[in-house]
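Before any comments, here is the structure.
Just so it is clear: chains get the letters A, B, ... in the order the sequence lines come, proteins before strands, and each one is counted from 1. As the structure is a prediction and not an experimental result, all values here were calculated from the model.
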4 protein chains.
Amino acid sequence: MSPAAGAAHGPARTGRTAATKQRLFEAAMELIGQRGADGVTVDEIAAAAGVAKGTVYYNFGSKNELVEQLLRHGMSLLMERLSNGGASPSSDPLDDVRGEIERALGFIAEYPAFVRLWLGEQWRADGAWQGLLTEMRAEVLAVIEAGVRRVAADRPLRARVTPGGVAVALFGAAFVTGMDRAAYHRSRSLDEASEAVFSLVLGTLEPGSGR
Amino acid sequence: MSPAAGAAHGPARTGRTAATKQRLFEAAMELIGQRGADGVTVDEIAAAAGVAKGTVYYNFGSKNELVEQLLRHGMSLLMERLSNGGASPSSDPLDDVRGEIERALGFIAEYPAFVRLWLGEQWRADGAWQGLLTEMRAEVLAVIEAGVRRVAADRPLRARVTPGGVAVALFGAAFVTGMDRAAYHRSRSLDEASEAVFSLVLGTLEPGSGR
Amino acid sequence: MSPAAGAAHGPARTGRTAATKQRLFEAAMELIGQRGADGVTVDEIAAAAGVAKGTVYYNFGSKNELVEQLLRHGMSLLMERLSNGGASPSSDPLDDVRGEIERALGFIAEYPAFVRLWLGEQWRADGAWQGLLTEMRAEVLAVIEAGVRRVAADRPLRARVTPGGVAVALFGAAFVTGMDRAAYHRSRSLDEASEAVFSLVLGTLEPGSGR
Amino acid sequence: MSPAAGAAHGPARTGRTAATKQRLFEAAMELIGQRGADGVTVDEIAAAAGVAKGTVYYNFGSKNELVEQLLRHGMSLLMERLSNGGASPSSDPLDDVRGEIERALGFIAEYPAFVRLWLGEQWRADGAWQGLLTEMRAEVLAVIEAGVRRVAADRPLRARVTPGGVAVALFGAAFVTGMDRAAYHRSRSLDEASEAVFSLVLGTLEPGSGR
DNA sequence: TATGAATGAGCGTTCATTCAT
DNA sequence: GATGAATGAACGCTCATTCAT
């Protein structure tokens with residue numbers, strides 16, 4: 001029975017296995033982030049990690065499972081980052097949202113490979129990870145929407161503007177802005193980028209309701 | 001010599017070829033939009049169009065060329081839609097931008113397959129269409145940025161907000177909102193969706209500068 | 001019923017057909033001589049001749065038939081050349097053989113494409129033209145052997161040397177020398193080349209038996 | 001990473017691979033020798049060797065590479081045979097050349113498949129192995145020409161006869177004679193065949209200069 | 001734990017041939 | 001006579017997966 005069967009990616013059994021898995025993880029994230037899951041072969045991943053092909057299967061069971069763990073791992077990093085490690089909320093929810101946006105953009109700059117993988121698969125209708133991707137989207141949108149609702153608790157939203165709709169738009173604005181920075185001009189400063197995204201939040205408020 | 005050599009995708013020579021190309025085009029757009037270019041085989045496209053596999057190659061020369069023509073065709077439809085068929089600008093640029101957003105969302109609802117194909121390939125670093133995709137992105141961003149600049153000509157933008165940064169964020173907000181509507185809840189009304197996206201534009205303006 | 005059915009390549013029916021066939025013939029000989037029968041497509045031949053693909057089939061019935069006519073045609077040219085148009089033999093058969101060698105080398109220089117096609121297919125064990133090629137080989141060897149026998153009628157051959165064996169060796173020496181000249185150094189003069197090949201004939205004679 | 005990358009054709013790593021490669025080598029040589037490289041499919045080679053198609057690619061990387069290794073391998077056998085395993089030269093260079101001819105004919109009788117492959121590709125103008133074939137031709141001609149020069153060192157050549165020209169003619173005479181024996185009448189004795197080819201050498205000498 | 005030789009289903013592409021016009 | 005759109009069998013090649021070691 002291979003250890004891949006029930007093994008989550010928690011603390012691995014022995015040091016040797018853990019190191020191998022880690023190397024495979026990093027190599028896979030880098031390659032798949034650059035060329036998409038379909039565009040990378042198991043051979044390449046193994047070679048990049050410096051192990052034999054069979055080792056990938058020994059550790060992950062299948063290419064699909066490897067990608068799935070990649071997605072889960074990246075997602076947990078993102079959620080951790082968005083929640084700011086459990087820091088207490090500031091006095092103005094608007095500041096919290098601004099912080100969230102900045103942290104999201106920072107995360108994208110740090111893990112562009114994961115985000116590219118995620119967005120690249122997100123819109124497929126058939127992927128093997130359809131369920132997981134739907135979960136991920138829901139989880140992120142929930143966090144964003146919560147932030148929007150906290151803002152809306154203090155200040156009225158404009159007519160026809162709903163927290164759910166704003167959350168989706170905010171998600172798109174932030175992630176496309178982040179990927180664009182990563183792909184085309186890192187020159188666009190984090191400040192300029194986050195200010196543009198933050199505009200979306202400001203624009204949802206009734207004129208004259210603070211700020 | 002096959003018509004694929006050097007053939008633009010204008011109206012084809014004879015009625016027979018034109019009809020076959022059209023059927024292939026539609027079948028390919030549908031399938032590739034759903035499952036991505038890599039996820040669809042030429043066999044499937046041919047079968048869906050009701051022709052032999054060789055006919056795909058007779059008409060398009062290669063799978064890559066077919067996808068490229070799909071992208072170009074969709075792009076020309078989008079640009080046409082965004083430009084509103086050359087309608088004259090209204091008195092307030094803000095109304096023009098709102099109209100653009102609504103038309104973009106309408107386009108996405110109408111051609112979700114094309115948009116899925118586009119966004120699905122956009123973030124790959126290696127695609128065979130890298131050059132084309134970069135062009136497409138630039139073209140759309142140019143149109144959006146022009147709209148933002150027209151708005152900013154009348155009203156001051158907030159500090160640290162630039163038309164270029166806003167254009168990218170707007171692009172992300174609109175297209176992700178549109179895809180989300182297509183994929184998850186068409187229930188979210190066009191109105192709610194476009195209002196959320198439009199907030200981004202409003203939020204870029206100095207408070208008190210009109211509207 | 002297509003005219004290809006019973007049509008030899010004699011004088012064609014009408015001028016139009018004759019011209020088309022001729023153009024196809026020349027284009028095919030050139031291309032196939034350069035790249036081998038397998039390496040050339042019917043599309044290429046048609047394009048080089050400036051006609052549609054279907055026209056090749058209308059005129060020749062199949063690619064195989066076209067190649068076969070190419071071989072037959074080249075063979076008839078070669079036999080004509082070797083026989084010197086029926087010129088009467090000279091007083092010394094050795095001069096006749098030398099003349100044959102020179103004419104063979106001249107022919108190869110003139111029709112390298114045909115010779116390349118011929119030699120390229122000659123050694124295959126399965127070709128569609130196996131029978132034809134065997135005939136061709138026999139026909140040429142018969143002519144060569146006849147020349148050798150006429151020489152041997154006047155002068156004794158060395159021990160263990162047979163006209164048949166010499167004919168084959170002469171065939172090889174002449175055609176490889178000719179192809180080599182065509183492919184690598186046309187610089188090697190016809191004189192040098194034919195002198196080398198002619199040595200084979202001289203060497204078959206008992207020392208001191210003339211020349 | 002497959003062993004095909006950069007792998008010379010020396011004795012392979014493990015016994016398993018070596019055996020598989022050997023079986024593929026033999027099957028490929030036989031089939032390709034009979035029907036030409038174009039005429040044989042990878043499927044057929046794999047089936048003849050009793051392995052899966054993928055195994056051919058695992059071991060050789062491509063069909064082209066397989067053929068190239070076939071050519072190189074045959075060539076090294078031929079050169080070894082021609083050089084007589086480094087045996088010391090006899091007192092008369094003429095005897096050495098006669099020996100070379102006999103060994104060449106013996107080689108052809110032993111490895112007709114290789115020679116058929118070689119000659120079948122030799123005259124193509126486009127082959128993927130053009131460079132290799134040119135090298136092979138040069139290498140063999142160099143050996144032959146060296147023998148001719150050694151003969152010519154003792155005895156004057158006839159006027160207008162050059163070692164280079166003789167080498168090419170000798171090459172043609174020997175290989176066509178050898179192939180002819182293999183293809184049509186093994187009955188023609190080795191003695192008769194080599195005597196005919198050897199005549200070429202004798203005929204290059206000034207009459208009365210020995211032998 | 002890890003390896004890597006072997007597999008085989010499936011892919012994109014080619015091309016001789018057909019046939020309605 | 002000639003055309004060219006359409007065909008489909010067959011090809012070279014890829015790659016996720018298996019398994020004996």
[X] [atom1] to [N] [atom2], straight-line distance once rounded to whole Å:
{"X": "D:Gln22", "N": "E:dA6", "atom1": "CD", "atom2": "P", "value": "13 Å"}
{"X": "A:Leu66", "N": "F:dC15", "atom1": "CG", "atom2": "P", "value": "16 Å"}
{"X": "B:Lys63", "N": "E:dT13", "atom1": "NZ", "atom2": "C1'", "value": "12 Å"}
{"X": "C:Asn64", "N": "E:dA16", "atom1": "CG", "atom2": "C1'", "value": "10 Å"}
{"X": "C:Asn59", "N": "E:dT18", "atom1": "CG", "atom2": "P", "value": "15 Å"}
{"X": "D:Phe60", "N": "F:dG12", "atom1": "CZ", "atom2": "P", "value": "15 Å"}
{"X": "C:Leu31", "N": "E:dA16", "atom1": "CG", "atom2": "C1'", "value": "16 Å"}
{"X": "D:Lys21", "N": "E:dG4", "atom1": "NZ", "atom2": "P", "value": "16 Å"}

- With sequence neighbours excluded, tell me which residues meet ring pair (Phe, Tyr, Trp, His ring centres under 6.0 Å) with A:Trp118. A:Phe114, A:Phe171, A:Phe175
- Task: Kindly state which residues belonging to residues 39-47 of chain D come within less than 4.0 angstrom of DNA chain F, counting heavy atoms of the residue only, listed by number.
- Result: D:Val40, D:Thr41, D:Val42
- Side chain of B:Thr55 - closest among E:dT3, E:dT7, F:dA6: F:dA6
- Item | A:Ala52 side chain, from C-beta outward: closest of E:dG4, E:dA2, E:dT13 | E:dG4
- Task: State whether D:Ser62 places a side-chain N or O below 4.0 Å from either non-bridging phosphate oxygen (OP1 or OP2) of F:dG12.
- Result: no
- Item | B:Tyr57 side-chain N/O to E:dT13 phosphate OP1/OP2 under 4.0 Å | yes
- Note on the structure: Nearest-nucleotide check on DNA chain F, D:Gly54 vs C:Val51; residue mapping nearer the 5' end is C:Val51
- Message: According to side-chain hydrogen bond (donor to acceptor under 3.5 Å, both in side chains), who are the partners of A:Glu26, at least two apart in sequence or on a separate chain?
- Response: A:Gln22
- Task: Map every base of DNA chain F to its dot-bracket character, where paired means a Watson-Crick or G-U wobble contact with both distances under 3.5 Å and | marks a partner outside the strand.
- Result: .||||||||||||||||||||
- Task: Using the test salt bridge (charged side-chain N to carboxylate O under 4.0 Å, His left out), find all partners of D:Glu44 that sit at least two apart in sequence or belong to another chain.
- Result: D:Arg35
- Note on the structure: For A:Glu68, the salt bridge (charged side-chain N to carboxylate O under 4.0 Å, His left out) test, sequence neighbours excluded, returns A:Arg72
- Item | B:Lys53 (side chain) and E:dT13 (base): donor-acceptor pair under 3.5 Å | yes
- Query: NZ/C:Lys21 to CG/C:Leu66 distance, rounded to the nearest 0.5 angstrom?
  - Reply: 9.5 Å
- Please confirm whether the backbone N or O of A:Tyr57 pairs with a side-chain atom of A:Glu65, one donor and one acceptor, at under 3.5 Å? no
